[in-house]
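Each remark here refers to the structure printed beneath this line.
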Protein chains: 2
Amino acid sequence: MKIIFLGTGSAIPTLKRNVSSIAISFPESGKFWLLDCGEGTQHQIRRTSLKLSRLEKIFISHLHGDHTFGLPGLLATRGMEDAKSKVEIYGPEGIDSFIKGIQRITHTYTPYELEIHTLSADDSFGVACENENYIVKHALLNHGIESHGYSIQKKSSVHFLVEKARRLNIPEGPLYGALKRGETIKLSDGRIFHGKDFLSEPIPGKKIVYCSDTTYCKNSVILARSADLLIHEATFIKQDENLAKKSFHSTVEDACRVAREANVKQLILTHFSSRYNSLKELLSQARSIFPGAMLAEDLAEYRV
Amino acid sequence: MKIIFLGTGSAIPTLKRNVSSIAISFPESGKFWLLDCGEGTQHQIRRTSLKLSRLEKIFISHLHGDHTFGLPGLLATRGMEDAKSKVEIYGPEGIDSFIKGIQRITHTYTPYELEIHTLSADDSFGVACENENYIVKHALLNHGIESHGYSIQKKSSVHFLVEKARRLNIPEGPLYGALKRGETIKLSDGRIFHGKDFLSEPIPGKKIVYCSDTTYCKNSVILARSADLLIHEATFIKQDENLAKKSFHSTVEDACRVAREANVKQLILTHFSSRYNSLKELLSQARSIFPGAMLAEDLAEYRV
């Protein structure tokens with residue numbers, strides 16, 4: 001998976017950091033997904049190699065404008081560019097009437113299917129969607145209004161042990177297919193082989209977790225458990241913890257605490273307050289807790 | 001008045017042209033107004049010397065997204081920047097529920113008064129607002145949905161003829177004030193003067209007219225009559241008049257026709273389709289009809 005940060009600032013867009021959005025692209029399918037969609041996300045996408053026609057899913061954390069105001073324009077532009085494939089949107093209660101209400105009043109028509117899924121907030125955890133290769137889970141975070149974190153996990157896979165089959169002089173062709181499907185085969189020389197003996201141990205898929213916006217919360221830790229990458233908001237430095245508490249945001253310390261407790265492999269912080277001219281102090285605080293922590297930058301790419 | 005073009009493309013934002021918005025700033029008050037507010041207008045404003053706290057009025061032509069999707073974010077950012085002065089918004093039927101609906105669903109609070117005026121579409125022409133110095137009129141255009149053109153006219157003014165008063169040895173001070181107010185004064189030497197004799201002929205105020213989106217229409221001509229500057233959409237070149245008709249837009253020929261029939265002093269075209277890699281042909285067609293015509297560019301400024 002390739003992650004492209006489209007907006008890494010909080011609340012107010014600046015010339016250096018747009019409001020929240022992250023693209024995750026899948027080289028195997030050529031498709032990409034979005035995590036949040038602040039105003040100007042479609043403008044940022046134009047600065048990358050992403051094509052709106054390849055957009056497949058959008059996951060919205062919560063309904064605050066800096067995470068949603070880019071949705072109507074992006075969906076409209078995708079329509080005007082004549083994209084035909086379906087887009088699925090996942091988000092909290094109200095996401096449906098937000099999008100449909102705006103489309104109705106502004107006479108916006110999308111020539112592709114738009115499927116909007118309202119996540120349940122009854123349980124703390126749930127599955128947003130699942131396909132052959134990926135499972136996306138969501139967890140309730142703590143932001144004053146309904147806010148969801150997301151984990152995107154590639155499913156574990158097994159490989160066919162082709163070298164083993166060759167070593168045993170099993171003829172290539174349909175018999176390999178049968179073994180891959182786990183079937184038992186009998187060769188003309190009388191030997192019998194079982195498919196399960198030709199499959200590798202399951203290789204766990206990569207896991208990316210996105211927690212924004214939220215205070216420190218246990219659900220983030222559970223969602224992020226052993227992730228290959230945690231992207232967590234860190235709106236404030238430690239000294240501004242009162243501001244963080246008041247606005248239901250995280251300090252850099254809160255974010256790093258989640259990363260440590262969840263034992264994640266890598267941590268990228270994002271959603272920085274525009275009050276800081278420099279993020280040196282924030283980075284230094286982060287690395288004192290989670291040594292490899294990185295700060296997201298607009299249009300920066302990262303591979304997992 | 002200073003005009004700053006914030007977005008000069010139609011429908012889809014590109015790296016060179018954002019979607020529609022124009023700022024008009026008033027050096028005498030330090031305030032500015034907006035004509036339309038497509039997505040990313042607040043981002044464009046950051047690239048100018050304009051301050052959102054000085055924003056006073058927004059005039060929306062019609063509700064299509066490329067003219068409105070920047071409103072919610074701009075209003076929210078202005079609030080987060082702690083601006084306190086009132087903003088008044090003028091637009092077609094639905095403008096109120098568009099803004100209020102989004103603010104409600106996204107929990108957006110603005111710590112300043114927001115007054116939304118729905119224009120009447122019962123008559124072809126009307127007055128949107130008027131103050132001591134300016135009058136803003138609107139006219140119904142032809143765009144498939146309710147769309148308004150706007151004329152912003154400075155009121156005519158008279159100047160006190162200070163040199164004449166000095167030549168007549170009228171003592172400076174309160175007597176000048178009385179003459180300026182049109183009163184009659186009597187000097188200690190017995191001479192009598194009337195205020196009206198010390199006021200210049202009325203000097204007509206400048207007039208700017210904005211017509212977007214629309215086909216050619218007579219109301220545009222009436223609204224733009226003798227304007228100092230007409231800003232008119234010219235989405236298409238002449239050869240694409242079928243596209244223009246289908247989408248209720250103007251060709252460059254339509255726009256120039258309005259300018260000529262209204263006998264305006266200057267014409268600036270805007271709202272160009274992103275289908276044209278170059279606008280050379282469009283400019284050439286414009287100048288063959290209205291020799292001084294200019295094409296708007298993002299962030300370009302023009303003084304009237």
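Lettering follows sequence order; numbering is per chain, from 1. Just so it is clear, the structure is predicted and the values come from calculations on it, not from any experiment.
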Applying a heavy-atom distance below 4.5 Å, give me the residues of residues 98-107 of chain B that approach chain A, sorted by number.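 Only B/Phe98, B/Ile102, B/Ile105, B/Thr106, B/His107 of residues 98-107 of chain B have a heavy atom under 4.5 Å from chain A.
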Neighbours of chain A found in residues 66-74 of chain B - heavy atoms under 4.5 Å: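 Counting heavy atoms that sit under 4.5 Å from chain A, the residues of residues 66-74 of chain B involved are B/Thr68, B/Phe69, B/Gly70, B/Pro72, B/Gly73, B/Leu74.
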Heavy-atom distances under 4.5 Å only: say whether A/Ser274 touches chain B with side chain, backbone, both or neither.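 Contact with chain B is absent: no heavy atom of A/Ser274 under 4.5 Å.
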Approximate separation, where rounding is to 0.5 Å, of A/Ile12 CD1 and B/Glu81 CD: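 A/Ile12 CD1 to B/Glu81 CD: 4.5 Å, rounded to 0.5 Å.
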Does atom [atom1] of [X] have more than 12 heavy-atom neighbours, drawn from other residues, nucleotides or ligands, at distances under 6.0 Å?
{"X": "A/Glu281", "atom1": "CD", "value": "yes"}
{"X": "B/Glu93", "atom1": "CD", "value": "no"}
{"X": "B/Lys84", "atom1": "NZ", "value": "yes"}

Using side chain to side chain contact (heavy atoms under 4.5 Å, CB included), reason through B/Asn18 and A/His43 one step at a time and then give a plain yes or no. CA-CA 9 Å; B/Asn18 199 35; A/His43 300 65; 2.6 Å; yes
Pick whichever of B/Gly94, B/Ala76, B/Gly40 has the most heavy-atom pairs under 4.5 Å with chain A.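 Ranked by heavy-atom pairs under 4.5 Å with chain A, first place is B/Gly40.
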Closest-packed option against chain B by number of heavy-atom pairs under 4.5 Å, given A/Leu63, A/Ile145, A/Thr77: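 With the most close heavy-atom pairs to chain B, the winner is A/Leu63.
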Taking the side chain from A/Arg46 and the backbone from B/Pro13, do they hold a donor-acceptor pair closer than 3.5 Å?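 A pair under 3.5 Å: yes.
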